A.B. asks: 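Could you have a look at this structure, given as structure tokens, before my questions?
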Protein chains: 2
Amino acid sequence: MTFLKAEQPQLFKDHAYKEIKKGIIQHKVEPGSMLNERSLSEILGISRTPLKLALQQLEVEGWIQSVPRKGIFVKTINRQDVDDVFQLRKANEVLVIELLIPLLDNETIEKIEKVDKQLSDIKKEPLKFVYHDSSFHLFLAELSQNLRLYQLIQNLTDHFNWYGFAALKAGISLDEVYYEHKLIIEGLKARNIHQTTNAVLNHIDNTYSTILESLKE
Amino acid sequence: MTFLKAEQPQLFKDHAYKEIKKGIIQHKVEPGSMLNERSLSEILGISRTPLKLALQQLEVEGWIQSVPRKGIFVKTINRQDVDDVFQLRKANEVLVIELLIPLLDNETIEKIEKVDKQLSDIKKEPLKFVYHDSSFHLFLAELSQNLRLYQLIQNLTDHFNWYGFAALKAGISLDEVYYEHKLIIEGLKARNIHQTTNAVLNHIDNTYSTILESLKE
DNA sequence: TTATGGTATGTGGTATACCAGATACCAATT
DNA sequence: AATTGGTATCTGGTATACCACATACCATAA
């Protein structure tokens with residue numbers, strides 16, 4: 001009877017994890033602000049036990065910091081952290097390309113173009129757009145066939161989105177981003193690691209610059 | 001009164017995390033075997049609540065997999081995982097070198113040599129040796145001034161130690177490893193990124209080969 | 001007025017009781 | 001003998017009560 005799709009039950013801890021993380025990325029809670037376990041459990045309608053598991057994961061992944069018997073604090077955003085994530089992202093997105101290109105076939109490239117096309121269709125909505133920009137990068141990471149690398153890229157792009165959320169809400173140069181994606185796809189089509197890597201690095205550099213500008217304010 | 005060193009209380013979850021992780025790396029629990037929360041809490045002398053937090057962290061970091069209402073299982077070791085970690089380690093240890101070299105001064109290089117010297121003094125004991133091999137890599141990562149990168153390298157070297165534990169217990173070509181470290185240090189002294197990077201990649205390649213051989217058995 | 005210290009309150013940490021899903025076993029039925 | 005289905009038991013998931021530490025506040029005393 002396995003054809004009856006076995007939808008797994010959403011665990012409370014997973015639900016809490018997603019909700020809190022979303023709230024942080026979208027700056028619904030300020031960086032540096034305190035999270036109260038009892039309040040959060042009430043808001044989410046769950047007890048403290050599964051909530052604690054969600055918070056544990058968020059801490060391991062670098063979103064919050066727990067200070068025993070004092071409180072749980074959303075990490076602050078500073079130049080050092082942005083730079084750290086930036087460096088990691090560059091190195092590991094380059095790795096994605098290096099792993100991906102030898103695996104490429106025409107069918108895969110078509111899929112990549114399709115994903116990017118969906119992106120362009122909604123570029124009028126900055127908030128949705130950013131998720132699809134990340135989706136593009138995540139899709140490439142997924143195709144690299146390295147699960148750990150995928151999870152790492154996920155975490156890094158999520159942090160980039162957090163750092164640059166102000167710029168994204170204000171509206172960003174979406175056409176440029178779309179053009180940069182096109183350059184990446186061209187590199188992939190040519191199966192040229194050097195060309196593609198340059199396109200990716202340039203794309204990340206530009207996102208980084210945008211973030212730094214929005215942080216100055 | 002801050003001169004009275006404020007030793008922070010070891011939280012139960014941290015203690016449990018370290019103990020369980022050590023047990024996994026040293027193959028005191030077999031890959032694939034099941035961990036029982038109630039048994040573990042008895043063995044560690046703590047309740048299930050802090051234990052769950054430790055398990056949550058171990059799962060996020062890739063050591064175990066929790067299947068709701070079925071059990072918690074130590075991850076199995078397979079070629080794909082080893083390769084994934086191998087690829088990530090290469091890319092990110094190269095990043096360490098790229099970040100580190102512009103930061104080097106003579107004092108720092110002396111420290112690095114000192115750490116490596118301590119390593120050579122105990123090369124007769126394989127089990128201790130491996131921790132100091134990792135310490136060497138971790139020390140370089142720490143000097144790169146990127147906290148996230150440091151934590152990533154920590155996780156990756158720990159997994160390498162887990163994968164290759166059989167080979168390490170059997171006794172490994174310690175002289176070779178020591179020689180390879182010397183090459184890395186020479187590269188650092190020359191402030192030569194290309195030279196150092198090659199030495200690091202060669203070192204990781206050799207460790208990888210050793211792991212693969214021990215996995216065949 | 002200022003310093004002190006006790007107390008009330010708020011925090012996360014911990015232990016535990018209970019719940020529901022998953023599983024294994026065994027008896028009843030065919 | 002093979003199949004069914006119910007039950008006992010094992011699992012992690014959840015809720016909750018209580019604890020110890022940290023802190024803010026306020027009364028008290030110098």
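What you are looking at is a predicted structure, and each value in this text was computed from that prediction instead of being measured. Residue numbering restarts at 1 for every chain, and letters A, B, ... go by the order of the sequence lines.
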A.B. asks: Using a cut-off of strictly less than 4.0 Å, decide whether A:Asn36 has a side-chain nitrogen or oxygen near OP1 or OP2 of C:dT11.
C.D. replies: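 Looking at the OP1 and OP2 atoms of C:dT11, one of them is under 4.0 Å from a side-chain N or O of A:Asn36.
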
A.B. asks: Aromatic rings B:Phe165 and B:His27: how do their planes relate, parallel, tilted or perpendicular, breaks at 30° and 60°?
C.D. replies: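 Parallel: the ring planes of B:Phe165 and B:His27 meet at under 30°.
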
A.B. asks: Any base atoms under 4.0 Å from A:Ile46, or only sugar-phosphate, or nothing? Heavy atoms, all strands.
C.D. replies: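 Answer is sugar-phosphate: A:Ile46 comes under 4.0 Å of backbone atoms only.
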
A.B. asks: Quickly work out the B:Tyr17 OH to C:dG13 P distance and round it to whole Å.
C.D. replies: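 Checked: the OH to P distance equals 17 Å.
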
A.B. asks: Roughly, in whole Å, what's the span from CD in A:Gln65 to P in C:dT11?
C.D. replies: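 These atoms are roughly 18 Å apart.
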
A.B. asks: Using whole Å, report how far CD1 of A:Ile72 lies from C1' of C:dG10.
C.D. replies: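 Roughly 13 Å, once rounded to whole Å.
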
A.B. asks: Do you see a donor-acceptor pair shorter than 3.5 Å between the side chains of A:Gln57 and B:Gln56?
C.D. replies: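 There is such a pair between these side chains.
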
A.B. asks: Can you tell me which residue pairs pass the salt bridge (charged side-chain N to carboxylate O under 4.0 Å, His left out) test with a partner in residues 28-49 of chain A, sequence neighbours excluded?
C.D. replies: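 Every salt bridge (charged side-chain N to carboxylate O under 4.0 Å, His left out) pair that includes a residue of residues 28-49 of chain A, provided the two are not neighbours, is A:Glu37-A:Arg48, A:Glu37-A:Lys52.
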
A.B. asks: Would you compute the distance between atom CG of B:Asp83 and atom CD of A:Gln145 and round it to the nearest 0.5 angstrom?
C.D. replies: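 B:Asp83 CG to A:Gln145 CD: 12.0 Å, rounded to 0.5 Å.
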
A.B. asks: Measure from NZ on B:Lys52 to P on C:dG13 and round the result to the nearest Å.
C.D. replies: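 The distance from NZ of B:Lys52 to P of C:dG13 comes to 16 Å, rounded to the nearest Å.
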
A.B. asks: Let me know the distance between CG of A:Leu55 and C1' of C:dG13, rounded to the nearest Å.
C.D. replies: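 So the two atoms are 13 Å apart, to the nearest Å.
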
A.B. asks: Counting distance only, does the side-chain N/O of B:Asn155 pair as donor-acceptor with the main-chain N or O of B:Glu61 below 3.5 Å?
C.D. replies: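 Side chain of B:Asn155 to backbone of B:Glu61: a pair is present.
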
A.B. asks: Determine whether the side chains of A:Lys21 and A:Tyr17 contain a donor N or O and an acceptor N or O closer than 3.5 Å.
C.D. replies: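 Per modelled atom types, A:Lys21 and A:Tyr17 side chains form a pair under 3.5 Å.
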
A.B. asks: Whole angstrom is fine here: how far is it from CZ in A:Phe12 over to C1' in C:dA20?
C.D. replies: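 My rounded result for the distance is 11 Å.
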
A.B. asks: Using only heavy-atom distances, decide whether a donor-acceptor pair under 3.5 angstrom links the side-chain of A:Arg69 to the base of C:dG10.
C.D. replies: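 Not at all, since no donor on one side and acceptor on the other fall under 3.5 Å apart.
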
A.B. asks: Do A:Ile72 and A:Met34 have side chains that get closer than 4.5 Å, going by heavy atoms?
C.D. replies: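 When only atoms from C-beta onward are counted, A:Met34 and A:Ile72 do not touch, as no gap falls below 4.5 Å.
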
A.B. asks: C:dT11 C1' sits how many Å from A:Leu40 CG, rounded?
C.D. replies: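 The distance from CG of A:Leu40 to C1' of C:dT11 comes to 13 Å, rounded to the nearest Å.
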
A.B. asks: Going 5' to 3' along DNA chain D, between which two nucleotides do contacts with chain B fall, using a heavy-atom cut-off of 4.0 Å?
C.D. replies: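 First-to-last contact on DNA chain D, by the 4.0 Å heavy-atom rule, is D:dT11 to D:dT14.
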
A.B. asks: Roughly what angle, to 10°, lies between the helix axis at the start of the helix from C:dT1-D:dA30 to C:dT30-D:dA1 and the one at its end, five pairs per end?
C.D. replies: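 Taking five pairs per end, the axes differ by 10°.
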
A.B. asks: Let me spell it out: for each of A:Ser39 and B:Ser47, pick the nucleotide of DNA chain C with the closest heavy atom. Which residue's pick is nearer the 5' end?
C.D. replies: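 Mapping each residue to its closest nucleotide by heavy atoms, the 5'-most match is A:Ser39.
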
A.B. asks: Take the angle between the ring planes of B:Trp162 and B:Trp63 and call it parallel below 30°, perpendicular above 60°, tilted in between.
C.D. replies: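 Taking B:Trp63 first and then B:Trp162, their aromatic rings sit tilted (interplane angle of 30° to 60°).
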
A.B. asks: Parallel, tilted or perpendicular: which fits the ring planes of A:His137 and A:His203, with parallel below 30° and perpendicular above 60°?
C.D. replies: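 Parallel: the ring planes of A:His137 and A:His203 meet at under 30°.
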
A.B. asks: In whole angstroms, how far is the P atom of C:dG12 from the CZ atom of A:Arg38?
C.D. replies: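 Atom CZ in A:Arg38 sits about 7 Å away from atom P in C:dG12.
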
